[in-house]
Amino acid sequence: MKLRTSALVGFCLQLLGTDALSDADFYGQSPPVYPSPQGKGTGIWAPAYHAARDFVAQMTLEEKINITGGFKNPENACHGSTGSVPRLSWPALCLQDAGNGVRGVDLTNAYPSGIHVGASWDRNLTYQRGYYMGNEHRIKGANIALGPVAGPLGRTALGGRNWEGFAVDPYLSGVMTAETIRGMQDAGVIANLKHLIANEQEAWRRPYNGTEAASSNIDDRTLHELYLWPFMDGVKAGAASIMCSYNRVNNSYGCQNSKLLNGILKTELEFEGFVISDWNAQYGGMAGALAGMDMAMPNGSFWGSSLAEAVGNGTVPEARVTDMATRILAAWYLVGQDKPDFPKPGVGIHKLNVPHPLVDARIPEADPVLLQGAIAGHVLVKNVNSSLPLRKPKMLSVFGYDAQAPSSKNIDALFELGYESQPEMADGNLGYEAHFSQIASGGVIFAGGRSGSNGPSYIDAPFNALTTRAKKDKTYLNWDFHSGQPSVNPMSTACLVFINAMATEGWDRDGLHDDYSDGLIVHVASRCANTIVVVHSAGIRLVDQWIEHPNITAVLLAHLPGQDIGEALVRILYGEVSPSGKLPYTLAKNESDYGVGGRLYQPCTPTSREDRFPQCEYTEGVYIDYRHFDAHGIEPRFEFGFGLSYTTFEYSHVVVQSQRQKPISTTTTKHASTPLTSLWDPIVTLTVQITNTGANTSTTIPAEEVAQLYIGIPNSPEKQLRGFEKVMLDPGQEVLVTFLLTKRDLSIWDVVTQGWVVQEGRYRFFVGASSRDIRWEGEFFV
Ligand SMILES: *[C@@H]1O[C@H](CO)[C@@H](O)[C@H](O)[C@H]1NC(C)=O
Ligand SMILES: *[C@@H]1O[C@H](CO)[C@@H](O)[C@H](O)[C@H]1NC(C)=O
Ligand SMILES: *[C@@H]1O[C@H](CO)[C@@H](O)[C@H](O)[C@H]1NC(C)=O
Ligand SMILES: *[C@@H]1O[C@H](CO)[C@@H](O)[C@H](O)[C@H]1NC(C)=O
Ligand SMILES: *[C@@H]1O[C@H](CO)[C@@H](O)[C@H](O)[C@H]1NC(C)=O
Ligand SMILES: *[C@@H]1O[C@H](CO)[C@@H](O)[C@H](O)[C@H]1NC(C)=O
Ligand SMILES: *[C@@H]1O[C@H](CO)[C@@H](O)[C@H](O)[C@H]1NC(C)=O
Ligand SMILES: *[C@@H]1O[C@H](CO)[C@@H](O)[C@H](O)[C@H]1NC(C)=O
Ligand SMILES: *[C@@H]1O[C@H](CO)[C@@H](O)[C@H](O)[C@H]1NC(C)=O
Ligand SMILES: *[C@@H]1O[C@H](CO)[C@@H](O)[C@H](O)[C@H]1NC(C)=O
């Protein structure tokens with residue numbers, strides 16, 4: 001039976017739990033969930049809600065509405081500003097990009113981007129980065145930092161914004177999302193977790209020319225176990241705001257989808273903060289207000305006096321507007337912005353091409369975090385013939401457009417002046433190539449382009465740092481950054497080739513590798529027996545055109561390190577630190593490995609010129625990235641979690657222990673949905689001893705290992721990441737690593753009971769150095 005029922009009918013039938021219609025019968029429909037739940041103010045939110053309620057009680061309807069919408073504030077150049085409440089001396093809020101550092105202003109630092117942080121697998125460093133980025137936002141007077149990104153997760157390999165988020169894995173993404181939010185909010189800014197949800201491609205992310213935005217059609221289980229998972233972590237960490245997305249989900253726009261905002265976010269996850277529209281993602285007036293959106297950006301043209309009118313004529317209850325204002329003010333109190341030491345909103349955010357007060361957001365304490373963060377996301381994927389680390393090389397030859405800094409740091413581009421007319425200037429911030437290029441041929445990339453980018457103090461280009469080191473070591477340097485077919489001095493001790501892969505918000509990538517860069521690498525490698533390749537990339541960058549070339553002895557995937565690119569690289573190349581990053585995605589041998597017919601590779605598009613309602617069917621379910629490769633028996637080039645070190649590690653003494661007296665109840669009765677709080681109860685702990693065995697090899701340096709735990713849950717992918725720990729070990733040192741598995745970690749989402757359920761049965765575990773380098777495996781029963 002194929003029924004396309006109305007959304008309302010579909011919802012009633014689902015409530016009744018009838019078996020007559022399968023999930024597929026409702027595919028692409030979003031059930032209505034009303035009314036919008038009011039914030040409760042429980043847990044950490046209690047004092048903030050108390051204060052917010054008192055304040056809102058003094059506000060008129062007009063004043064409450066005033067703070068829910070964007071205004072142009074002539075005193076600053078914040079990416080967004082709310083209205084103020086002059087009568088009660090309440091300042092407007094300043095909203096500023098983004099989750100990788102402050103964007104578009106001067107005297108800030110460029111932190112490593114999301115993909116680089118994901119590749120670090122370093123919780124503490126991620127917290128520290130969040131804290132110092134948050135501090136910079138606060139000093140600049142940004143109340144709300146528009147990040148971090150937990151969606152896109154990375155379903156589409158070509159996705160233009162995948163680099164803004166941490167990993168193509170919900171567990172890793174969730175941990176890093178939570179650490180970042182805690183860090184930012186401890187520094188006193190409101191984090192904005194974005195984009196809810198399934199904003200997995202840039203193509204057709206918004207309506208254009210009468211064609212609606214693409215609809216991400218996701219079944220309930222996939223939504224929970226994959227795309228929503230990191231948002232759960234973010235909400236649990238106290239995320240004070242969330243951004244709803246441009247795209248449609250089950251054909252209902254993200255910022256007016258009541259199932260998502262009222263149902264999943266505000267009821268199921270008990271989210272107490274407020275929901276902001278992505279910029280101009282408010283496509284209608286009262287629908288969003290009723291569906292649970294709380295703030296319209298960058299302007300409130302659909303709300304303002306219309307919202308007051310709607311309250312007057314009974315379309316929107318005043319309690320809904322009161323709830324919007326209460327949620328916004330509670331967030332403001334939660335992070336301490338009511339304190340007199342919070343700077344004037346937007347105090348350091350001004351147009352750069354007119355005279356402006358200088359507000360320096362950089363503090364010395366951030367410097368080690370910037371450098372360590374830049375180091376930590378480098379992933380060494382090939383190292384043969386002891387090519388690395390370098391040892392006082394006699395002659396180094398350096399090639400490739402990505403080795404040097406861009407020729408100018410253009411303030412016009414930095415601030416997006418004339419953005420629409422001159423996208424090539426705005427792209428990548430610093431005069432890089434236009435968005436349609438696969439590479440930024442103008443120089444090394446420290447971040448991807450547009451709203452996830454950030455403002456570097458300087459760009460420590462690879463060649464700068466290599467030059468400094470060459471002077472110290474008396475190394476003779478040759479270089480050629482421009483030729484695609486450079487001449488190579490046959491006496492070179494080593495040849496370094498630098499390439500990149502660029503991506504920018506608004507456009508998906510055109511490919512996962514490009515002929516110019518591949519040609520350059522092969523050209524050098526066929527003339528230099530010790531060729532080392534460094535790839536800066538805003539996403540997955542294939543390497544199969546040359547990875548097995550016998551003269552290519554080492555390959556570093558250097559991702560997007562932020563401003564300290566050169567020093568971080570040189571420290572690794574010369575063995576002052578061991579590389580310790582691991583891939584936060586699967587690197588395939590070929591594009592087609594990401595899925596037959598373009599699925600999981602290309603964005604989806606309208607099926608014809610007449611198709612006004614493009615549909616993205618997420619029928620692969622949770623089988624993306626390594627889940628997909630495992631399920632289809634596809635051998636990746638480098639698997640999820642893979643990365644080499646200068647030393648070796650041994651895994652021993654695995655012990656599994658139950659944390660419970662009795663086995664877990666598995667009854668799936670109708671009303672059995674797990675209370676949110678008990679989801680985080682520990683059920684099983686697993687310990688393993690890791691030893692740095694490098695004392696017995698040629699390299700004897702302290703090094704970090706990322707120990708990983710994968711679990712095979714019944715009726716689920718073969719293995720899914722459910723624990724990791726990064727540990728620093730001296731040569732010969734051993735340490736005991738403990739993984740704690742919570743109830744959520746072992747659960748599946750049960751669509752019938754609408755709850756997380758731990759199934760009875762056999763659970764397999766895999767402990768190792770990557771998703772395929774498994775050192776121990778076993779099973780336990782619950
Ligand atoms: C989307 O549709 C699927 C299939 O009917 C349903 O299970 C799911 O709950 C819907 N999700 C949303 C957010 O509408
Ligand atoms: C709304 O905010 C604007 C901009 O800050 C301010 O000028 C105006 O006075 C505010 N309106 C009310 C009713 O407070
Ligand atoms: C976390 O990182 C900071 C900065 O690098 C460091 O000072 C601190 O000791 C680290 N804390 C732990 C628990 O590792
Ligand atoms: C919409 O139409 C304009 C004008 O014809 C065209 O330039 C633009 O490319 C179209 N956009 C899309 C997404 O098709
Ligand atoms: C305000 O937002 C609406 C809807 O997002 C948009 O269409 C409109 O152009 C914006 N108006 C101004 C003045 O920016
Ligand atoms: C109430 O006011 C809102 C906002 O102007 C408008 O969209 C809606 O159609 C009105 N409803 C009625 C019943 O007048
Ligand atoms: C490796 O490099 C040497 C030059 O040192 C060159 O003669 C040889 O042909 C190269 N090998 C390949 C497979 O290109
Ligand atoms: C690397 O080592 C192998 C085995 O020792 C040797 O055959 C090969 O020639 C070496 N390659 C280079 C580029 O030195
Ligand atoms: C690699 O992927 C591309 C793009 O999907 C496809 O056209 C090509 O046939 C694939 N090549 C191989 C060897 O599988
Ligand atoms: C080094 O090798 C010796 C002899 O094989 C062994 O006893 C010792 O445990 C090894 N040390 C490490 C750190 O692996």
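For ligands, and for the atoms within them, numbers begin at 1 and follow the listed sequence.
For S84, heavy-atom contacts with ligand 2 shorter than 4.0 Å involve the backbone as well as the side chain.
Close approach of ligand 9 to E591 (heavy-atom distance below 4.0 Å) involves ligand atoms 1 (C), 2 (O), 4 (C), 5 (O). Those atoms of ligand 2 with a heavy atom of G83 less than 4.0 angstrom away are 2 (O), 5 (O). Ligand-side atoms of ligand 7 in range of A529: 2 (O), 5 (O), range being under 4.0 angstrom from any heavy atom.
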What pairs of donor and acceptor atoms, side-chain ones from residues 489-501 against any protein atom, are under 3.5 angstrom apart with sequence neighbours left out?
residue: N489; atom: OD1; partner: M491; partner atom: N; Å: 2.8
residue: S492; atom: OG; partner: S397; partner atom: OG; Å: 2.7
residue: S492; atom: OG; partner: N489; partner atom: O; Å: 2.6
residue: T493; atom: OG1; partner: K394; partner atom: N; Å: 3.2
residue: T493; atom: OG1; partner: M395; partner atom: N; Å: 2.8
residue: T493; atom: OG1; partner: M395; partner atom: O; Å: 3.0
residue: N500; atom: OD1; partner: A440; partner atom: N; Å: 2.9
residue: N500; atom: ND2; partner: D402; partner atom: OD1; Å: 3.0
residue: N500; atom: ND2; partner: A440; partner atom: O; Å: 3.0
residue: N500; atom: ND2; partner: G443; partner atom: O; Å: 3.3

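At the shortest separation from atom 14 (O) of ligand 2 among protein heavy atoms lies P86 CD, 3.3 Å. The protein heavy-atom contact nearest to atom 3 (C) of ligand 7 is N551 ND2, 3.6 Å. In terms of protein heavy-atom proximity, atom 7 (O) of ligand 7 is closest to S526 O, 4.6 Å. At the shortest separation from atom 8 (C) of ligand 2 among protein heavy atoms lies N66 ND2, 3.8 Å.
Using modelled atom types, one finds a donor on one side chain and an acceptor on the other under 3.5 Å when comparing T553 with N530. Between Q438 and D510, the side chains place no donor N or O within less than 3.5 Å of an acceptor N or O (distance only, hydrogens not considered).
Here Y594 and F629 bring their ring centres to under 6.0 angstrom of each other.
For atom 6 (C) of ligand 9, the nearest non-hydrogen atom from the set D593, L512, D544, N590 belongs to N590.
Partner D508 forms a side chain to side chain contact (heavy atoms under 4.5 Å, CB included) with one of Q201, R161, E200, R205 and no other, that one being Q201.
Below 30°, between 30° and 60°, or above 60°: for H632 and H628 the angle between ring planes is between 30° and 60°, a tilted geometry.
Around the CZ atom of F481, the shell of radius 6.0 Å holds more than 12 heavy atoms that belong to other residues, nucleotides or ligands.
The N/O atoms of E62, backbone and side chain alike, include none that comes under 3.5 Å of an N/O atom in ligand 2.
Among pairs with a residue in residues 337-346, those fulfilling salt bridge (Lys or Arg N to Asp or Glu O under 4.0 Å) read E75-K344, at least two apart in sequence or across chains.
Residue contact check for ligand 2: A92 places no non-hydrogen atom closer than 4.0 Å to it.
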